[in-house]
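A short write-up of the structure that comes next.
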Amino acid sequence: MTTRDILEEQIKAQGDLIRKLKADKEDKERIQEEVTKLLELKAQISDSQNVRQKFTVKTPKGSRDFIPQQMALRTFVLDIIESIFEKNGAKTIDTPLFEFKEVLTEKYGEDSKLIYDLEEYDKEVLSLRYDLTVPFARYLGKNKIKKFKRYQIAPVYRRDNPSIARGRFREFYQCDFDVAGNYEPMKPDAECIKIVFEILNALDLKPFVIKINHRSLLDGMLEVCGVPAEKFRSICSAVDKLDKSPWLEVKKEMVEEKGLPEEVADKIGEYVRLNGGAQLVDQLLQNQELIKSKSAVIGLEAIKVLLKYCEAQGTIGAVSFDLSLARGLDYYTGVIYEAILSGKDSGENDEISVGSVAGGGRYDNLVGMFNSENETVPCVGVSIGVERIFTVLEAKLAASNKKRRTTEVGVYVATAQKNLFSEKIKLCTKLSEEGFKLGFSYKKNPKLLAQLQHCEEFEIPYVVILGESEIQRGVVKLREVSTREEVEISSDLLADELRKRLQKSYMTGEEETKLKQLYTQIEEESHLVSKEFTEDTPKGTIDFSQQQMELRKYILKTISLAFKKHGAETINTPVFELKEVLSGKYGDDSKLIYDLKDQGGEKLSLRYDLTIPFARYLAMNKKMSMVCCQVAKVYRRDDPCLENGVFREFYHGDFDIAGSYDPMIPEAHCIRIIYEILKSLQVGAFFIKINHTALLDGILEYCGVPTDKFRTIYSALSKLDKSSWIKVKEEIVREKIVTEDVAIKFGRYILNNGTTDLVDALSQNPELMKNKAAAAAVEDVKLLLEYCSLFGITQEVVVDLGLTRNLDFYKGIIYEAVLPEQDMSVDPIFGSLAGGGRYDNLVGTFDVKNKSVPCVGFSVGADRIFALLERQFAAFHKMRELDVQVYVQKIQNNLDEEVNKLCKELEDHGIKVSPLEKCNNSSIPFGVILDESGIQNGVVQLKDDIRGTKANILRNSISIALKNRLPKPIINGSS
């Protein structure tokens, strides 16, 4: 038989197996594994015919993408859980995704084999966190915190056998609530039970039972049954399996694998079958054999107190004292508990078998392991198994034939005729500024029917229809989508009418009010001090304290609100991808990717960004159009610098538009959203630089750079956000990429920036315009500037011919938001705050038929903004303390009159100012420097230590420049 014949037989057999598995209704995860094998066999037969076949595109085993419908449900659930945590007085922190392996070692008993390990980098041995409890204990121990009520909602990782149907994944979210500190016995333990009770009731997951037990009682029980002390933990681990396996299987493990005599196992069996309430506690306290163990008596007395608290707080009806509960983690020292759903799936009427949906207990000795004095801190906590809850709620939702809306758009602006694009964008901009969450078509002249169908598909409540005759009469048509009724309304009264009709969730007002309250709280209460990187966490990562998390939450929620406001659906992709998915996408930066160790399975890497996972998602799901967002962490082994907001683990907020639309409309909308986010976050003055990859290619070619050197030059130019042009040019010449003459020639171009004047100048360069791609790029840039103006952005957008965005997949318009007037002769402190561009060919790299999907998007660097705002708040508090915001320095002694004049002018604008000799300038982040030559030219120098910039500013514009930079609370007068 030929190789082809063998492969065809294997393909036939594999196909038969998959059909049988489907007929037997086997687990979806198992079926997907066999389908993957089938595709790999088909790929081999294609290779044998010399046909290029890509690898099978999928998510890693035990992980999945969450589509918008699922994310709508997840957001709903997580918001409820977070609100209950906060209502009960908890504050959040954040710890890194990976820990030093030694931190996790010997904390999880037999389950330690399930930990994911990373490849060794920088001589650090790292592992992905297994839970959130051990990192929290490390945080308390290293920071010597003795009292703290904390919550954390974040993913954890276990190389367990996954079952998606039962909500068991290798990557899954935990929602942890913990109380650290000395309190009355059992009071915090009872509070944890109350938290579980409130959450499960709020999510309508009744009936449920919260099982409780005590580790001391378990140890005492094993002691009186005759189990040797050295086998307590391993036997507890076996008992812990009783929620998944029948007693006979557990007994078999005890006897055959753990070496326990059968009669001892039978004694254990008599106890672990018992459950009840206070009556059972009293009964066991009368058990003469059991009370011989002091440990058992301690446990029973504690359970007795706990049940009294449960009765007092109204949770006793859901609590069951169950001796089979073991919780197989080594660090538990006292009370343990676990919540089990006991309801039925309303769809199939079968028992829902998802196991525990919440669990926790007391771990008084864990913190001491991370404290140099081995000083213990009593702790108790609970973890909500939110993935299993999602599985149950998804099943209920499917059975009810209901679906959740995937966007929060309340109004859609449509056009009835051609040539109304300008009017549409102006109205969209106006309504957006009024606080409405809205949508519109990215086509210049879309068909009305297609627009109305879009509204019905996405259940958008109202459509504003613009028509020529209506515009002439100063009215619009307002259509209610559900009834299809239309009314004419004066354009001036439209916003008021929409406010009357729309629910608050379709407007941003309530959410913006909460964000303003959070900002005020940070401004008045938080004395943020930038932390240094320490040896407590892996290189380039930090623990975020509760004060820092308030600021981080403000930033992330502001970004998310902007995305929702502009009609984005939300997805979620795994934190790791198959290594092949990321290979060859990042050019020279591929060396910054974190790889996981090969532990006998798939080759995996932590995601470098959110763009590649989104492209992979589109290809896997055959999506040809989508407006999407994702806010999540990414990982890069870059050189970290905390002061500059350069971390190895950091948040990206991504907004992407996939689909075939008219040129430059999606790009302009992306730039508008970046503008809104940075304005909302009050980062001060900023510019959004734009360029076109084909234009830059054309300039390099025109200047004599060989084509095969373009990518290398791109890589060098990408450093301009971190280094000066002088240093970049020196590197280019030193590495013999091009000659110094060529570098100087294209340097004259890449240091240019401007708007329509620069574009016009380029279009009048006949040699450059011979390059057809460059000529087309110039027209694209010109059109983009026109559309940005329609969106109300003019002063902030500049064309910068040196902008590269050094990622191989960008082909077309690129853009980047930066702080202004960075002195190119020195290294700037901050790089870009946001950036993105067009990547039309990326999706095709994951499609077997190489089918491309036009895409454009951007990422907001949330943690870089965090570093900037943290510096701003620190400066604000310092200036409030000193009662000075700006100092004025004179270079020559004969400038006293100019100093006094400028001080008076700034004071008239509400800025607190002092001459240098009257204050300590080292504590003041802003300074204006005067010298004779500058004054003669109408220029002063502005020194800004927050952003690390020095810039020459027109003398008559200095007040405005300072107002744009000073932390906003100062300008608002709240000093």
Side-chain angles (χ1 to χ4, degrees), residues 109 133 179 182-193 196 209-243 250 254 264-265 267-312 315-316 319-340 356 359-366 376 378-382:
T133 306
V179 182
N182 285 297
Y183 296 92
E184 290 180 39
M186 296 298 108
K187 200 167 185 178
D189 311 63
E191 184 177 15
C192 288
I193 290 172
V196 176
V209 60
I210 303 172
K211 298 179 181 181
I212 63 170
N213 201 357
H214 199 289
R215 267 298 173 87
S216 293
L217 174 56
L218 269 172
D219 288 351
M221 178 190 77
L222 296 179
E223 179 188 342
V224 300
C225 289
V227 178
E230 66 270 13
K231 289 192 175 183
F232 280 8
R233 291 288 75 84
S234 66
I235 297 303
C236 269
S237 180
V239 172
D240 190 44
K241 296 173 184 175
L242 282 170
D243 66 333
V250 172
M254 288 179 179
V264 173
K267 284 183 181 179
I268 294 171
E270 291 175 13
Y271 282 107
V272 297
R273 291 189 178 100
L274 298 175
N275 61 77
Q279 189 176 354
L280 177 59
V281 177
D282 292 336
Q283 179 187 324
L284 291 172
L285 284 169
Q286 300 301 315
N287 184 317
Q288 296 305 309
E289 189 68 25
L290 186 61
I291 61 175
K292 288 178 183 177
S293 167
K294 290 182 179 179
S295 178
V297 173
I298 289 169
L300 287 167
E301 293 293 350
I303 292 290
K304 196 170 187 178
V305 174
L306 178 60
L307 288 172
K308 286 181 180 177
Y309 274 120
C310 289
E311 188 170 8
T315 59
I316 193 68
V319 174
S320 170
F321 171 36
D322 191 319
L323 272 75
S324 71
L325 180 63
R327 301 290 294 165
L329 298 177
D330 286 357
Y331 51 68
Y332 286 125
T333 58
V335 163
I336 51 176
Y337 33 79
E338 198 162 87
I340 309 290
S356 157
R362 180 160 285 281
Y363 52 100
D364 289 348
N365 299 328
L366 189 56
T376 62
C379 292
V380 64
V382 65

Pair K292 + E289: basic N to acidic O under 4.0 Å
yes
Starting from the C-alpha separation in whole Å, work towards a yes-or-no answer on salt bridge (charged side-chain N to carboxylate O under 4.0 Å, His left out) for D189 and K187.
CA-CA 5 Å; D189 311 63; K187 200 167 185 178; over 6 Å; no
Tell me whether S356 contacts the main-chain N or O of I340 through its side chain, where contact means a donor paired with an acceptor under 3.5 Å.
no
Full working for side chain to side chain donor-acceptor pair (under 3.5 Å) between S320 and D322
CA-CA 6 Å; S320 170; D322 191 319; 4.8 Å; no
Could you tell me which non-hydrogen atom of T333 sits nearest to which non-hydrogen atom of Y363, and how far apart they are?
OG1-CA, 3.7 Å
To the closest 0.5 Å, what do you measure between CD1 (I298) and CZ (R215)?
15.5 Å
Sidechain N-carboxylate O distance under 4.0 Å for R327, D240:
no
Report the distance from atom OG1 of T133 to atom CG of L366, rounding to the nearest 0.5 Å.
8.0 Å
Counting distance only, does the side-chain N/O of E338 pair as donor-acceptor with the main-chain N or O of I336 below 3.5 Å?
no
Please determine, by modelled atom types, if E191 and Y183 share a side-chain donor-acceptor pair under 3.5 angstrom.
no
Can any side-chain N or O of N213 pair as donor or acceptor with the backbone N or O of L325 at less than 3.5 Å?
yes
Atom pair OG (S293) and CD (E223), whose distance is rounded to the nearest 0.5 Å:
4.0 Å
Examine distances only and state if a side-chain atom of S216 and a backbone atom of A296 form a donor-acceptor pair shorter than 3.5 Å.
no
